[in-house]
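The basis for the numbers below is simple: all heavy atoms, side chains too, and nothing from hydrogens, waters or symmetry mates. All values reported here derive from a predicted model rather than from experimental measurement.
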Amino acid sequence: MSTENSATSAGPAPLPPMHCLRRLEPGPPRLAALPTGTPVWLVSRHADVRQVLTDPRLGRATLYAPDAPAIKVTPSIIDDPDGMLNIDGTEHQRLRRTVQRAFTPRAIERWRPWVASVVESLIDELIDHGSPADVIAAYTRPLPVAVISRLMGLDNVDGKRLGHWSDHALSTTAYTTDEITTAMAEFAAFGSEVIAERRAAPGDDLVSSLLAAAAEDGSITEGQLVVLVIGLVVAGHETTMTSLGNALVYLLQDGREAWQRLASDEASAAAATEQILRAVPLSDAKEHLPGLLRRTVEDVEIGGVVIPAGSVVAADAQAANHDPSVFTGDLRTELFSPLAAPMLTFGAGPHHCLGAWLARMEMELGLHRLARRLPALRMADPVELIDWRRGLVTRSPNALRVSW
């Protein structure tokens, strides 16, 4: 039984929409603590966060060194020290090259017509269902699952099964350590099965191309391949599902006046996607997004503060994305304006999110086509009644009733 998803008789307390969260005011690096009690340097200004994510003197691998302090309360899919996220330098570059060709902007753009057809099909089904309907179950959840499943050749896999494993992989308080461990063992076994199937019968899919690249490289271990496969399943749909659901909460509430312009053309939707990805955070967890933690390998000066070697550093992308020295205005005034600087939602530097361009394209098409097909779309219930996914690294609506 999950610990936080179990509702009391009174039900969980209402949560604010993600675009209404209070955030840390950017300032110089300061000492705080992780939930484990480990001291952490919190970095929040845009320039400082970019430095943390791009400076080779701050790495991921040292977070998992024998002398490293505890950074997580519960196990996570990204804890494997041999996983791509936790390897630095040339070894990381070699492993990353096995997958990054499938995620370049040019490669992703070839998928646009097919993704658009998936979007239109899901909207057709939503309309056929009739008003009101749950837009999460009918649209924002199945869209990215369908896309990553097709990309990886997993069309026949139950999306609910993948979602179950992903939720456990990203749990903070929603599940017990034993539940997470069991689910991750099942997930790894699934990854091994997929790899075995593609070795026996390669196809035109990402897993097959991964195996071909790994065979050519010769140094990628079986464990690394398994972590890559299951990691791509999670990363391939989680960010898009989370961001698209939270975007609809904003657009159907405080940003309602922008809905018609979103319907007008894909360029407007592309601009809005960038601003929403910048301004609406993925997480409100007390833990920092695990991928944005680093550890110094030597003394490093960041924002005028010398951070000693061996220190854990947290890059607060949410604060950096609202740094008033870089970004002015708010979503209401800037929704269709070009970004003043690169957003840091997807990180930066060597560990920049591989799926960033895929997530962008899915959101652009998802918002534009939905606004065009359903110009009168609106929330069917007060925002206080939104059913949120709780106890995970990311937060978005678990269900969202809409009408038109």
[X] side chain near [Y] side chain, heavy-atom distance below 4.5 Å:
| X | Y | result |
| --- | --- | --- |
| W388 | N398 | no |
| L63 | N86 | no |
| R373 | D124 | yes |
| R294 | V312 | no |
| I386 | V383 | yes |
| V119 | L370 | no |
| R389 | T242 | yes |
| L58 | V297 | no |

Short N-O contact, [X] and [Y], less than 4.0 angstrom:
| X | Y | answer |
| --- | --- | --- |
| R150 | E362 | no |
| R112 | E109 | yes |
| R57 | D55 | yes |
| R401 | D134 | no |
| E91 | R97 | no |
| E364 | R369 | no |
| R60 | D88 | no |

Check [X] against [Y] and note the closest heavy-atom contact, atom names and distance.
| X | Y | value |
| --- | --- | --- |
| A174 | L392 | CB-CD2, 3.8 Å |
| V234 | S166 | CG2-OG, 3.6 Å |
| P81 | Y64 | CB-CB, 3.9 Å |
| I136 | P142 | O-CD, 3.5 Å |
| R199 | L225 | NH2-CD1, 3.7 Å |
| T36 | A70 | OG1-O, 2.7 Å |

Will you find, in the side chains of [X] and [Y], an N or O donor that is under 3.5 Å from an N or O acceptor?
| X | Y | result |
| --- | --- | --- |
| Q93 | R96 | no |
| S268 | D265 | yes |
| T394 | E238 | yes |

Does the [X] side chain pair with the main chain of [Y], one donor and one acceptor, at a distance under 3.5 Å?
| X | Y | result |
| --- | --- | --- |
| T98 | L95 | yes |
| Q275 | F336 | no |
| T181 | T177 | yes |
| R390 | T173 | no |
| E120 | S117 | no |
| R295 | T62 | yes |

Could you go through T345 and N321, starting from their C-alpha distance and side-chain angles, then the distance that decides it, and tell me whether this counts as side chain to side chain donor-acceptor pair (under 3.5 Å)?
CA-CA 8 Å; T345 302; N321 280 340; 3.0 Å; yes
Any idea how H168 and H164 line up, ring-wise: parallel (<30°), tilted (30 to 60°), or perpendicular (>60°)?
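Taking H164 first and then H168, their aromatic rings sit tilted (interplane angle of 30° to 60°).
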Take the angle between the ring planes of F190 and W165 and call it parallel below 30°, perpendicular above 60°, tilted in between.
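Tilted.
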Report the C-alpha distance between D158 and K160 in whole Å, list the side-chain angles of each, state the deciding distance to 0.1 Å, and finish with yes or no for salt bridge (charged side-chain N to carboxylate O under 4.0 Å, His left out).
CA-CA 5 Å; D158 183 5; K160 291 182 179 179; over 6 Å; no
Under 6.0 Å between the ring centres of H351 and H92?
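Yes, close enough.
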Atom [atom1] of residue position [X] - does it have more than 12 heavy atoms of other residues, nucleotides or ligands inside 6.0 Å?
| X | atom1 | value |
| --- | --- | --- |
| W111 | CH2 | yes |
| E257 | CD | yes |
| D128 | CG | yes |
| R360 | CZ | yes |

Could you grab the distance from atom CG of L400 to atom CG of D381, nearest 0.5 Å is fine?
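If we round to the nearest 0.5 Å, L400:CG and D381:CG are 8.0 Å apart.
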Distance check, rounded to the nearest 0.5 Å: D178 atom CG versus T182 atom OG1?
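It comes to 6.5 Å.
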Side chain to side chain donor-acceptor pair (under 3.5 Å) between R395 and S283, worked out
CA-CA 5 Å; R395 174 158 76 84; S283 175; over 6 Å; no
Verify side chain to side chain donor-acceptor pair (under 3.5 Å) between S219 and D217, making sure each step is shown before the conclusion.
CA-CA 6 Å; S219 66; D217 179 274; 2.4 Å; yes
side-chain hydrogen bond (donor to acceptor under 3.5 Å, both in side chains) partner of D48, chosen from R50, Q51, R45, H46:
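Answer after filtering R50, Q51, R45, H46: R45.
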Test side chain to side chain donor-acceptor pair (under 3.5 Å) on S243 and N246; report intermediate values, then the result.
CA-CA 5 Å; S243 296; N246 288 327; over 6 Å; no
